[in-house]
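Accompanying notes for the structure given below.
None of these values were measured; they are calculated from a predicted model. A, B, ... follow the sequence lines: proteins, then strands. Residue 1 opens every chain.
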Amino acid sequence: MALSFYPGCSLEGMANDYARSITAVFEDLGIDLVEIDDWSCCGSTAAHSLDETMSVALPARNLAAAGEMGLDIVSPCAMCFNRLRYAQLMLKRRSFDIPWQVDTDFAVHDMTRFLAAPDMLAQIRKRVVRPLANLKTVCYYGCQMVRPPSITGYTDFENPQTLDAIMDAVGAQVKDWSYKSTCCGASIGIGRREIRDTLTNRILDKAAHTGAEAIVVSCPLCQANLDTVPRRPGAGRLPVFYFTELMRLAFRPAAEAGWFRAHLTNPLPLLNTKGLVAA
Amino acid sequence: MADTQPSGPNPAVADQFAGRRLIERGHSRFLEHTQNATGIDIGACYQCERCTNACPVARYMDIKPHQVIRYTQLGWREALMHSTTIWVCLSCEMCTTYCPNAVDVAGLINHLRNTAARLPIRPAEKELAQFHQIFLEELRRFGRVNELWLMATFNRRPAILKKKLKDGSLKEDLSLGFNLWRRGRLKLLPHRSRGIGEIRKLYRHRRGESD
Amino acid sequence: MKNTAHPHISGKALVVGGGIGGIQCALDLADTGFYVYLLEKSASVGGTMARLDKTFPTNDCSTCMISPKLVQVARHRNIEILTLSRLAALSGKPGNFRAQIEKQPRYVDHEKCIACGACAQKCPQKVPDPFNGGLSMRKAAYLTFPQAVPLKYAIDAQNCLYLTRGKCGLCRKICPTRAIAYDQQPETLELTVGAVVLCTGFELALTRQNGEYGYDRYRNVVSSLQYERMLSATGPYGGHVRRPSDGRTPRRVAWIQCVLSRDPSRNRPFCSAVCCMHAAKQAVLTRQHDPDSQATIYFMDVRAHGKGFDDYIERARAHYGVHYKRSMISQVYLEPDSEDLIIETFDHHLNRKVEETYDLVVLSSGFKPSEAFGDLAKRLEIDTNPYGFALTDFQHPVHTSRPGVFVCGATETPKDIPETVIQAGAAAAEAAALVHPARHRDVTSETTPPERALDAEPRIGVFVCHCGSNIAGVVDIEKTVAYAKTLPHVAYADHFLFSCSNDTLQKMEALIRDKRLNRIVVAACSPRTHEPLFQSVLQKAGVNPYLFELASIRDQCSWVHSDDPAKATAKSMDLIRASTARAARLEALSDHTYSVTKTGLVIGAGIAGMTAALALADQGFAVHLVEKEGSLGGFANNLTGTLEGNSPAALVHALAERIKTHRNVYLHLGSQLVAHRGHMGAFEGAIRTTSGEEAIQYGAVVVATGGSAYTPTEYLYGRDERVVTQVELSRRLQTDPGWARGLRQVVMIQCVGSRNEAFPFCSRVCCSAAVKNALLLKELDPGINLVVLYRDVRTFAFKELYYLKARRRGVLFFRYIPQAPPEVHRENGTLVVDFTDRSSHQDFGIQPDLLVLSAGIRPNAGTAQIADLLKLPTTEEGFFLEAHVKLRPVEMATAGIFIAGLAHSPRFIEETLTMARAPPSRPPRSCAAGR
Ligand SMILES: Cc1cc2nc3c(=O)[nH]c(=O)nc-3n(C[C@H](O)[C@H](O)[C@H](O)COP(=O)(O)OP(=O)(O)OC[C@H]3O[C@@H](n4cnc5c(N)ncnc54)[C@H](O)[C@@H]3O)c2cc1C
Ligand code: SF4
Ligand code: SF4
Ligand code: SF4
Ligand code: SF4
């Protein structure tokens, strides 16, 4: 099976740990990820905020390229996923004055939803060598992956299940909590840091209060934000994993997982106490 | 009883519009224009405040989401253009998702932000507006956006540099940056897309410049 | 004497659905000479009402009200209850249908089961009890609820171990009467009926799948119906409100309104009409159960549009301290340790979010038609609206699109119990009108056993009723019974959970015989609703029905002294002592029979009066129709069109034509009733006309004296010609559309002369009138500025769709509060309306070309004279006070006198039509019986 892959800018920089774990996991699952040739930025919040047309045109370039490949797109970043889907939907609705010919007949998946399909979950379960038993997690989906439902297709936007199901498949303990898709404020972090800090700290507090030992995410922005936000003095930190990092850990316990070192909140002590990595 | 509590006025806005307001004929022109441009059914709102209750950043807004709808219905465009609301809004889509009348509040706010960005207005949240501009500028330069360069360009703006020096956030930025670099999470050189020509052409086109 | 005329018309009717609507309809038909099949898809009748705790606005206990009705249908010789059945097909013609019924097996032999409950006791298979909303468990062999009718166990085939896996079979071994019948098969019955009435009711729209506000995700988020069960004495927690998660008593309870109602984004744009009131009721009960509790209701508009409802809300607020918060919630969050729930709202004072923590959250879910109704409507080829409710016609509000098939209750629109009961009466009357030539043909008459000879000495039996927890929750029952046994002449004393349930009544009957009791005292609720029921038991047991006393220990002891159990118990014992003393001295009486006048009198020839008169006349009775004006039509003559676009004028015309030509109607225009005396079946009176007085005789009276419009004294009305009422505007719009096109700006003010101290009622119709006129004005000129100043928009049920339409057309709705109403004044000849917008916090000063006042409804001037003459009670506002708000909404306490239309309360035309058709299904019971 092959998919066209739109990594997005973050995966080249801040989220290169995510990128590496994705490659590893998809290799294990025997699925080809074919990177869209010479992809460009989706425009993110900025294009959307300042110029609606650009927010369709910029993703359109990538949609056009993917269309030529004749494969469904999978996107690991919630923001990119949202922008690609939005552009695809708008292009279906009306015509835009843009230089790219886009055939909108293929699907744009977010990576978690793709992997949470029943047959994929079965594949995942089959590959688990060491279940992540005892690891208490909460899954955090953020905004862009699930909202608005009219674009993302998540009808269970308040209580999404994709990450929960994947984590369950690799044997982790998944706790239900109410803040799965509560906004962390990442997009405002640059201009109004205090707003971001308030929103993100609240989510971290709620996660800790729920009894989680780690937070599982699928979005580079969420990860960066939850992992790096300054905490109130005295408030603890929780490791923030990309879900693919944990999948790989369950698939190949012995393999070198250098990407854990990229985290600011070092997850190794936790994984160590759970017997999931060697001391 | 809820009825008896006068809801606190909103000083920022009340000042701008002291005294009795009129509803003039033609107030609906702005409403109609906005409805046509966005396809959003703004009239449908019944002011239930579900959007404002859902919004994570309502407290930082001078015009709350449900009031944005009211203002639009009344044609109070100026106030909206000068509001902090349009810049503070995170596009988190909580409001839209929960509105019982399917009013796309987030879409409306985004449309207002788009409009304000095209006007020679000093944005109420300058840094937020600038950040978006710089992001798009970086995108124009390379076709992709490199986080390190983005931040560097942003922090180099004199006004921002000054503020960040003053409140100590520059130091925080630098120490975080160092930490990230040590962990291999910063890509030092931006990647330049081969298609950069097409992308710049698109920009010129959008700005109405000739090729 | 058998009725043999019109042999092609069947004297039988089929009522589908056994909720309060179906039950009332079946009783009305059966009591007026028709044989009724009452079809119910579940194992027992009672529907939703059987699951409710208390009911607004009287806080009467729901079980207490429905129990006597259940007993009546169970014991009625002309009603045949078919449970676990569905109507599979209907062929033939109105008057002569063939109905094909599919009956699922009960797996318990109806004849043999004695309801001992041994099967359920031994059954090992536990399943969540749907009757209690899954909050408790029942067995696979079950009885729906303790007072179920029919009182027969059933086996639920989906869960029974024997029926699913061939194992177990315990119940068959244990059943003392060998009633268990695993081999029962589905049956198909073919019935001939003249008319069909659909009363299939409603369900909550909230389901486990849609995840609204954490329903089915968080244990302490429950539906409104689950909460009713939690409050109920027969519910999962025995009447003590507990949290599902940990059994603690919830102290902080929140209600969220309009869940899956008024929600176009979920394709549920209509209002469910009842939930504002039942939430208020539940909040009041919560505060009563536990004075330390806090009750908070999150809402948009309080829709208290019924008779006395605003008063109820005001009491909930002021007397019971229920908090009302006008704010809609987006999401409910869970506090993980305690399983408390967090509601976030934005506080405009503090300019920040506040988190409020609750122990329990109740979701006031919207209504949808019963799941099974969708298929049924398709099979019967009945038109439904886009949301699945049965469509009816403006002029015929209980007729479906298929002739001979009628509808009532929540199947038609979401509605409360009184409206359901009214509509049930109307549906019964319409069905009866269709098949009346076959009246009495298929029924057998009731026979009572002869009275037995009594011992000379009084042998008094005392039965003390728990009334669920209504009495037992306060009064010490054991002590009371023990005391009763010590009283002179008391031969026997006992107590029951619900004395009025069918099985208890059977026990009572047996006890009277076995213990040779000759005088009975029941210490229970109130004689008002229950006396006839207990008297019928005496009769069946061969004792004269007048040898009966009811000690009202609920109404007079447990309810009034709920905070002082000792005092309540002492007073109960006093009342019982007094009753036994009186009982000892009672003498047997006999009812004399008299011949009844088969003529009705209808007072008032508005829409209600004309409709009532025709309904009676169509059933073959003569009717005197007395109208004080010189013309027919009453207030409807002032109305131009309804919100839905129907024509009152056409309706008046159609009714008037029939009135004038109907051979059974005696029309007296320009006349007044000036004398009245006698009793049901034999009234005598006099009408005064211009030509003098005329004496008349009649068996029953329908009072339809109607209402009139309030003449405002507020807002410059009468002093400035630019200020008009909605009614005046409608007329002007009709006669002079050109004038309307010239208007640039129009302001409407709601609740003028309603909902204030002088007149506390909501006038019910004026919100819709404003929306209607606003839409008309927008149609004439889409650019017009239209501002509506309101307190609550009360466009309930499907009228909400028009409110939505008006908003979409650009009508601006601003809310005002009664403490700061709009101000109207003239500035240099210009009309100015000042008000504050609660949303933008801006003060407005608008200069409209026209100011329209939504003036309320008042009872007609003649009401007081009629009330006096007929000795009828009225409310403070001057509307007639019916016999029982819930169950006898069209009857006055005086037998043989009925009420319809605006004389009862403000109502819409369709509602008036329905109401006016209801009494005729009741007078015939007295008139038509023949003696
Ligand atoms: C939480 C709550 C609280 C309420 N509180 C109050 C209150 O305090 N006061 C008040 O006035 N009203 C109250 N109501 C409203 C009240 O319950 C309704 O007005 C009333 O029960 C409607 O009666 P019905 O006969 O139309 O429908 P139902 O009671 O629903 O009865 C319908 C019956 O038909 C059966 N049926 C359905 N489909 C079929 C079919 N195809 N074939 C055969 N049988 C079928 C059903 O099993 C059921 O027995 C409340 C409602 C709710 C949800
Ligand atoms: S949630 Fe929708 S209807 Fe409610 S106030 Fe906001 S926009 Fe209006
Ligand atoms: S999209 Fe904007 S206005 Fe809407 S909830 Fe999010 S931050 Fe608030
Ligand atoms: S407004 Fe209508 S739908 Fe909403 S709670 Fe009240 S009655 Fe129910
Ligand atoms: S305007 Fe009329 S219907 Fe509306 S709330 Fe006021 S009194 Fe009731």
Heavy-atom pairs under 4.5 Å with chain C, option from [options] with the top count:
| options | result |
| --- | --- |
| B:Cys99, B:Pro56, B:Ala58, B:Ala102 | B:Ala58 |
| B:Tyr60, B:Tyr98, B:Tyr46 | B:Tyr46 |
| B:Gln47, B:Glu32, B:Arg50 | B:Arg50 |
| B:Met94, B:His66, B:Gln73, B:Gln35 | B:His66 |

What part of [X] gets within 4.5 angstrom of chain B, counting heavy atoms only: side chain, backbone, both, or neither?
| X | result |
| --- | --- |
| C:Tyr803 | side chain |
| C:Arg262 | both |
| C:Val811 | neither |

Toward chain C, the part of [X] with a non-hydrogen atom under 4.5 Å:
| X | answer |
| --- | --- |
| B:Cys51 | neither |
| B:Asn101 | both |
| B:Leu74 | side chain |
| B:Cys95 | neither |

C:Tyr816 (side chain) donor-acceptor with C:Gln750 (main chain) under 3.5 angstrom: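 Side chain of C:Tyr816 to backbone of C:Gln750: a pair is present.
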Polar side-chain atom of C:Ser272 near backbone of C:Ser261 as donor-acceptor pair, under 3.5 Å: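 Not at all, since once roles are kept as given, no pair shorter than 3.5 Å links the two residues.
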Cationic N near anionic O, under 4.0 Å, B:Glu127 to B:Lys163: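 Salt bridge: yes.
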